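Everything on this sheet refers to the single structure shown next.
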Amino acid sequence: MILGKPLNQDMNLRPIKYQWAYDLYNQAVANTWFPHEVSLSEDLDDWKTMTDDERHAITFLMSFFNPTELIVNRSLALGVYPNLKAPEAHLYLAKQMWEEANHCMAFEYVLETLPIDREAIFSWHLNKPSMKAKEDFVTDYLARTTDSSLDIETLAGKKQFVKNLVSYNIVMEGIWFYSGFMVALSFRQRKKLKNLGSIIDWIVRDESLHLKFGINLILTILEENSELVTTEFSAEIRQLIIKGVELEKNYNEDMFPKGILGLNANYVNQYVQYVADRRLEELGMEPEYNVTNPAKWMATATDTLELVNFFETQNTNYEVDNRATK
Ligand code: MN
Ligand code: FE
């Protein structure tokens with residue numbers, strides 16, 4: 001069983017039981033990068049030529065992205081790591097936590113370099129209702145998972161653990177982040193902020209593994225705890241994902257009050273629905289929205305395809321569908 005409080009007998013790496021977690025650790029180490037490898041000076045020039053609405057979109061995006069790295073780390077440190085027994089999963093989570101710290105420092109570097117309104121960045125995520133609602137969604141599930149009256153090894157505890165995973169990993173990392181990456185990378189499509197685009201490429205590469213880890217973890221827990229596999233629980237998970245899509249819709253309306261060149265709230269919302277359907281399928285569920293991908297260029301904007309192939313050749317446990325990252 002991967003889920004449970006680790007005991008002294010759970011401290012030997014060998015024999016490895018969850019090969020996918022071990023493989024993901026090695027892949028994550030191979031993906032290591034540092035923010036200062038990218039120079040942002042051309043982006044600084046771009047910033048001066050951008051419209052107010054374009055600057056608003058980037059500022060809004062950064063306001064959400066900036067704290068989320070540390071929110072994910074809190075979910076991992078308090079909610080996930082203490083409740084998993086497998087040392088190979090702990091190895092992976094240690095690397096993921098460093099990556100989230102590195103993303104935090106990457107955004108710090110961007111905020112130090114571009115003349116973005118830092119006051120807005122640091123305050124909107126606390127007082128813009130559509131953005132605050134997203135943050136609260138994730139932190140509420142973590143709070144319920146870490147409640148001292150909850151025993152993680154009971155049915156209620158296991159369900160709560162999975163719901164926390166779905167909220168921070170599937171909804172936040174797997175849907176909201178992809179929506180934000182698409183918006184950021186759309187500037188590079190229009191020959192702007194291309195170095196920020198390179199940083200986002202590296203972040204996408206990390207996040208695609210965070211998502212693989214989360215999906216494999218959820219599928220493993222469901223396989224090992226068949227009492228969780230009920231139509232009621234599956235419906236609860238689906239509702240969580242639908243709720244995530246609704247929260248993102250309100251947020252996108254505040255990001256694009258008017259729309260910018262090539263991008264508006266409807267376009268981003270359709271991409272969000274497309275990505276949400278891929279996540280549902282990866283969890284073995286039917287799609288909800290059945291829309292086409294409006295941002296097909298995202299296929300070439302990221303290099304996750306290669307990583308996905310690596311992972312599939314290593315992983316014999318599950319066939320995880322990766323269409324959303326292609
Ligand atoms: Mn991250
Ligand atoms: Fe992440």
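Worth saying up front: this structure is predicted, and the values here are computed from it rather than measured. Start at 1 and go down the list; that is how both ligands and their atoms are numbered.
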Aromatic Phe137 / basic Lys243 pairing, under 6.0 angstrom, 45° off normal: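 Ring-cation test returns no.
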By ring-ring contact (aromatic ring centres under 6.0 Å, His included) - contacts of Tyr22 (at least two apart):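 Applying ring-ring contact (aromatic ring centres under 6.0 Å, His included) to Tyr22 gives none.
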Set of ring-ring contact (aromatic ring centres under 6.0 Å, His included) partners for Tyr81, sequence neighbours left out: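 Checked Tyr81 against ring-ring contact (aromatic ring centres under 6.0 Å, His included); matches are His90.
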Compute the centroid of each ring, for [X] and then for [Y], and state whether the two points are separated by less than 6.0 Å.
X      : Y     : result
Phe213 : Trp20 : yes
His103 : Trp98 : no
Tyr251 : Phe60 : yes

Residues Glu253, Lys249: salt bridge by 4.0 Å N-O rule: no
For the Mn ion (ligand 1): protein N/O/S atoms at distances below 2.8 Å: 4
N/O donor-acceptor pair under 3.5 Å between Asn73 side chain and Met97 backbone: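 It does hold such a pair.
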Test item: Asn216 side-chain N/O and Lys212 main-chain N/O as donor-acceptor pair under 3.5 Å: yes
Closer than 2.8 Å to the Fe ion (ligand 2) - protein N, O or S atoms, ordered by chain and residue number: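 As for protein N, O or S atoms lying under 2.8 Å from the Fe ion (ligand 2), they are Glu100 OE2, Glu173 OE2, Glu207 OE1, Glu207 OE2, His210 ND1.
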